[in-house]
Every structure is written in C-alpha cells, then in structure tokens.
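What follows is a set of notes on a single structure, which appears directly below.
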Amino acid sequence: MLYLKNTNLPMPENLNTEINNFFQADITDNPADILESNKLCRGETFECGPMTFSSIYSLEKRRSKRNNKDIYLVHLKINGTPSPDKLTKAEKILRNTVNKNLRENDVITRWKPRYYLILLVDIVPAVVDKILKRIRNIYNDNFPPAETSISYSYQKI
C-alpha cells in the first residue's frame, strides 16, 4: 500500500491513479489542457509537503508585498495523547475538515505528526478567526474533545 508523503495515511487509490496518469500524459499537443485537468487546478484546497509549502510561502510573501494583500500563516496542532490509531483518525478528521472549509487559493501542509500549517491569502483577520473557529467546532463534533483537541495560532506575514 502506498502512503501519502509525510503522513501515515494511506494514499487513496484514485489519487495514485490520477498521479500516474498525469505524469504519463503527452504534453506535446496542449500542455495547458493537461495542467487544467489536474486535480490541483480544479478549485480544491492545495495540499502539499513541507518543502513545496515553503516555496509557495516565499512566493506568496513576495506577491503580497507587490500587491499589498494580507496573508496569514496558521499553525494547527492536535493536542492530547491518543493511541496511534486514534491519532490517525484524528488527523484524517482534521484534514477532511480543513480541506472542506478552506478556499481554493489556500495552501495546507502536514509539517509533522500533529502539526499542520496553512497559508491564507488575501484575507482579513475576522475571516481568519471565523474559519478557524468553524474548523475547531466541526472537528470537535467529529472527534470528542475528551480524546483530543485542536489549538491554533496565526500571524500576519
């Protein structure tokens, strides 16, 4: 079984197939069509590994200076001492919740077990608070706080 990089979560079979098809595609005809058909170009939250996240962070920081737009770096953490199985479940719930509640131009990475970073682009602090509170509430509804909880902090970049 394949695992998502930097996680202990199994890679969904359809994602593995999509990745294989993407890299086997012939780009000689129309590369834009190939790129637009990629899942990452279809309006979903961009999830990547820490190295890619660092590169995007640098690019977005430069762009925000040029365009005078605010960006925020969010740190999410899963707290508590659940068993490995429950931690895996907690991470799945958190990832699903985050992906369903972020915008298509936001970026997320799992920095290491229990720790996630999110880059929110062109947003105001009141909306950052609203998004993070909604994520925490949905997470707590799906994984009772007696087992784990999530905490977050954010800073303007």
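Taking each heavy atom of Ile56 and Cys48 in turn, the nearest pair found is CD1-SG, 4.3 Å. For the pair Pro50 and Arg110, the tightest heavy-atom approach, listed with the atom from each and the gap, is CG-O, 3.7 Å.
Ile118 places a side-chain heavy atom less than 4.5 Å from the side chain of Leu102. The closest side-chain heavy-atom distance from Val74 to Leu117 is not below 4.5 Å. By the 4.5 Å heavy-atom criterion applied to side chains, Val107 and Phe53 are counted as neighbours.
One finds the CG atom of Leu76 at 6.0 Å from the CD1 atom of Ile135 (value rounded to the nearest 0.5 Å). Atom CZ of Arg103 sits about 9.5 Å away from atom OG1 of Thr45, to the nearest 0.5 Å. Between the NZ atom in Lys92 and the OG1 atom in Thr97 there is a gap of 13.5 Å [rounded to 0.5 Å].
Within the structure, the ring pair (Phe, Tyr, Trp, His ring centres under 6.0 Å) test picks out the following pairs touching residues 66-96 (sequence neighbours left out): Tyr72-Tyr154, His75-Tyr115. Among pairs with a residue in residues 130-139, none fulfils salt bridge (Lys or Arg N to Asp or Glu O under 4.0 Å), at least two apart in sequence or across chains. Applying the salt bridge (Lys or Arg N to Asp or Glu O under 4.0 Å) test to residues at least two apart or on different chains, the pairs with a partner in residues 63-88 are Glu60-Arg63, Lys69-Asp122, Asp70-Lys156, Lys86-Glu147. Residue pairs meeting the ring pair (Phe, Tyr, Trp, His ring centres under 6.0 Å) criterion with at least one member in residues 80-109: none, sequence neighbours excluded.
Using a cut-off of 4.0 Å between Lys/Arg side-chain N and Asp/Glu carboxylate O, Arg95 and Glu47 are scored as salt-bridged.
Side-chain atoms of Glu91 come within 3.5 Å of backbone N or O of Arg114 as a donor-acceptor pair.
Inspection of the Thr148 and Tyr139 side chains reveals an N or O donor paired with an N or O acceptor under 3.5 Å. Defined by atom type and a distance below 3.5 Å, a donor-acceptor pair is present between the side-chain atoms of Ser151 and Asn79.
With sequence neighbours excluded, the residues that form a side chain to side chain contact (heavy atoms under 4.5 Å, CB included) with Ser64 are Ile71. Residues passing the side chain to side chain contact (heavy atoms under 4.5 Å, CB included) test with Val127, sequence neighbours excluded: Ile123, Val124, Ile131.
Note on Tyr152: it does not cluster hydrophobically with Ile138, by side-chain heavy-atom contacts below 4.5 Å among ILVMFWY residues.
In summary, of the residues considered (Thr52, Asn105, Asp106, Ile108), a side chain to side chain contact (heavy atoms under 4.5 Å, CB included) with Phe46 occurs for Thr52 alone.
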- Task: Decide side chain to side chain contact (heavy atoms under 4.5 Å, CB included) for Leu94 and Ile78; before the verdict, give the C-alpha distance in whole Å, the side-chain angles of both, and the deciding distance to 0.1 Å.
- Result: CA-CA 9 Å; Leu94 181 59; Ile78 298 175; 3.8 Å; yes
